Amino acid sequence: MLLHLLQLLTAVMVTLGWKFVKTYFHHRKKLEDCDPVRSLPTAATVQRSETPKVNNPPDPSPTKTTTDSFRDAHDFVIENMTNVSYTINHNQREEMKNTEKYEKRRKAEEDERWKKADDALEKLLLRAMPSAMLYSEARAYAPRCDEDTRRGLRAHIVEWGRNDGEIHRLLWLSGPAAVGKSAVAQTAAEELKKAEVLGAVFFFSRPNNRDDPRVVIPTLVYQLAVLLPEYKLFIGQRFKEDPLIFGKDRRSRFQELISDPFLPDLSRRPLTLLSYLSEQLLASLFHRPLFIVLDGLDECNGRDAQREFVEMITRHARRDRNSRIRWMICSRPEPHLTLAFSSTDCRDICRHERLEVDGDEARGDTLRILTKGFTEIREKYPDQLAHDWPHNAHIKFIADRASGHLGFASFIIRFIGDHQYDNPSGQLKACLKFLKCTDSKNHVNPLQALDLLYTQILSDIPETTLPITQRILGLFILYGNERLTALVHANFLGLDQAAFYHSLQRLHSVVVVPPASTASTQPIRIYHTSFSDYLRDKVRAMEFVLDEGAIHLYVATRGLEWLSYFCKDPSDQQALPELTWPGNPTLLRNHNIPDLVCNFAFTPCWNAFPQVPRASLSTLIKALRNFDFNIAYTKWANEIQEFGLFIQWLLSSDAKSLASVDRKCSGEPGKKEEIAIIWDEKDPRAFVEPFLRNAGHADYLSIRVRLRTCTQTSFHLILGRDIQATCQAREDDIVIVIIGPEGSHVLSSLTGEPLRTIRPVLSNPIIQATRAIHPEHGRGVVLVGPLGPSRGARLGMEAINDWLEKVYKNNIKISGIIYVENSIASNDVAESPLDVLQSLCGLCGDLAATRLCLVTNQLRRPSIRNAGSRNFQLKQPKNGPWTDLIVRGVSTGHLASGAREEAERIVGELLGTANTGESLRDLLGKERKRNQGSSKRHRGDQGGQQSEQRNK
């Protein structure tokens, strides 16, 4: 019985021992499988796997297991149980020792990995730039957006950064200098850090020596390694495998340290420890995006390096469209960066946000910055400042000067609240004087920080290019208008396309330069007036200040060269400026480049002469002596006053030897050979006084000037559109008489002035005569008509006839007649229009009937009493007063809206009609005879009827 129990106990112990050994080895196998080092394939494993297998014949004997050996066993005896127990205990102790050794070795290997990672970070830190990081001590006072500023833009950036489904992996935030790009980048980075999606940042700053491109990648890698332990191990292993990795070129470092670790497709990489660590890194991110910010890339040293960063990031974003990394780059819109971001590779993966200046949101943000800033200053100085300081008008004035430039507003607030002065009220007064340009003695500058930025930008321009750049900027600042497109700008200065764009390529942060494709329609544009003010202030700009005198001299002389294109009798010896940038013919359409340049040059040229320093007067006189003044001035009829002011300067300056006033013919109409210069001078007496003493009334109305230049040109200056005296008339005037009940309204439409502002002629208070600008004839078209809405009485027509004969001395013939009625119908004519026209027959000369135009006018509503008879349509009633005239060629017209264009069209068509056919004088004579005969028959019929009635 005892023997049987002993055998049973022995069997149980053997079974339990086997289970223990099996469990132990199974656990150890699992540990080996979990160890990445032991689980990785070794070289021997790879060789064995590559060795061809030999097909050995299968073993015919079946495989026996331990369990099969004890199957159906019974009544057996196990001896020497002590030895069995010892063997089992010994094996257990050995396995425990091996497990401890394995754990120690595994921990040692893990510690070695972390040590290598720490060593790698130490090496990395030596090459990095901590001052460019988000919360570095060097950036303790980094600019930030106020809570209520740039809210829309910041929201878009944060939403883009947190959206895992976003297809644009790159965001470019562009904007001019000092408008708040860094503030937006700083604030957005802080918000993304709170959302736990910020990976790394680098804030470039050239003034603070954070512009070395070699430190950018080490700085980004260091921040990512600190943030992500798995990434830190990856960097350590990479450093262990290649200790020279940190010294490689930028593209290699970017590829191996930033792009490869975050590559989501593991099948594209070999099975190594690095790939295992990368897998662990991606798993730790839980599909969340990782945000990297590069602010101020344009301040990175070297444009090649700037482009290289854009290209590397673009390649990474295109290669790994499922990458966790998002890139945000902030920079000025420099041309090379604009070209890099607009490339085909970058366009479909890049989102572009522009930080606009002078927009509604920017203006609102500027006002909020000022209001908040003044509130904080007022709270710091409660004893010095009143509760309503400063006045709202002062805040509005500063906001208007800022024009949406947030940097401008921030600089002003810092200046006023400067604790070193402790006098915000005095600082505000100094600031207002500065902005109003009323304090020339005290050079207090609230915008010193902005000026330093402008100085730095201009310092990057090569010395050989700077004079050309200053001339381009000077022409725009002093004479820029809508006609000064980039194409006109370059040709006026004699610059070809390459030289023009090369001279401005370093100024894209302060100047908007249109691309060549739109150069014929768009001018350059300065982002903010503070840059123009800076360039014109010698104290602020120092060596970069514009030499305005030299610019005025250049514009005056260069303008004369371009205006020579419009000489009526050009000389073969006259040298014309050459086109340096012909432009694209397909974009210019029918525009002629010399015409475009001369259209711009006319006004700046004459305006520049009075502003040229006296030291350069000899240069001006030489240029004027060689200039042919016989040009087509009618082309610039709306700007002709500028030439008149030039004549005033010429007669009253040290250059007056070139001109003289002819007073012999002051009371006579101007001659055809005299060039007419006509404009409305508000104060004719003040215009004449600088060069003409003892001037009479006629001298205030017109002046005859003779120039002693190469062509001996004579001018007739008429200082008013309304003709009040004979001296304001000319022999070559094109006189159009406007008569009829509604003639005064057409006259008002043509002049663009209400009836009450048109002055009557001095010799006859019921007549008005004024000049209208015609596209072809300039101000040579004289409109004459009765003053006020008369019914076309013969008395008014006789007064017009008398006035024309008196003013023009019988040396003028009417060029056209416009008769205006509400409707031309026989039953609505109070007095025969033919009778009215008879008084003008003597002045019609050989005027053909086609030069008479009958116009209906619908501007004035008829009275209810006459509404039935006036239908506002041109009619040809049987036996009406106009029937034969219309049949014989008299033209007709219609005014529906009273717009000036409508009236000009009627005048243009009238003057454009050939003066051929039956003369108007003969036609009117025939009509008068016919009407007289009809009247006799009508009176005879009436007499017969009356006789019959008497007989009855």
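What you are looking at is a predicted structure, and each value in this text was computed from that prediction instead of being measured. Side chains included, hydrogens not; waters and symmetry mates left out as well; all remaining heavy atoms used.
In this structure, the ring of Trp636 has its center less than 6.0 angstrom from the ring center of Phe566. In this structure, the ring of His552 has its center less than 6.0 angstrom from the ring center of Tyr479. Aromatic rings from Phe629 and Phe627 are positioned such that their centres are separated by under 6.0 Å.
Heavy atoms from other residues, nucleotides or ligands lying under 6.0 Å from CD of Glu673 number more than 12.
We find that Asp680 and Arg721 are joined by a salt bridge, their nearest charged nitrogen and carboxylate oxygen being less than 4.0 Å apart. Checked for salt-bridge contact, Glu561 and Arg558 meet the test: a charged N lies under 4.0 Å from a carboxylate O.
Looking at Gln712, its side chain never comes within 3.5 Å of a backbone N or O of Arg708 through a donor-acceptor pair.
Taking the six-membered ring where tryptophan is involved, the planes of Trp606 and Phe602 are perpendicular, since the angle between them exceeds 60° and thus also 30°. Between Tyr554 and Phe492, the two ring planes are perpendicular [angle over 60°; tilted spans 30° to 60°]. Ring geometry for Phe691 versus Phe687: interplanar angle over 60°, hence perpendicular rather than tilted (30 to 60°).
For the pair Arg704 and Phe715, the cation-pi criterion (under 6.0 Å, within 45° of the ring axis) is not fulfilled.
Under the salt bridge (Lys or Arg N to Asp or Glu O under 4.0 Å) criterion, Arg483 pairs with Glu639, not counting sequence neighbours.
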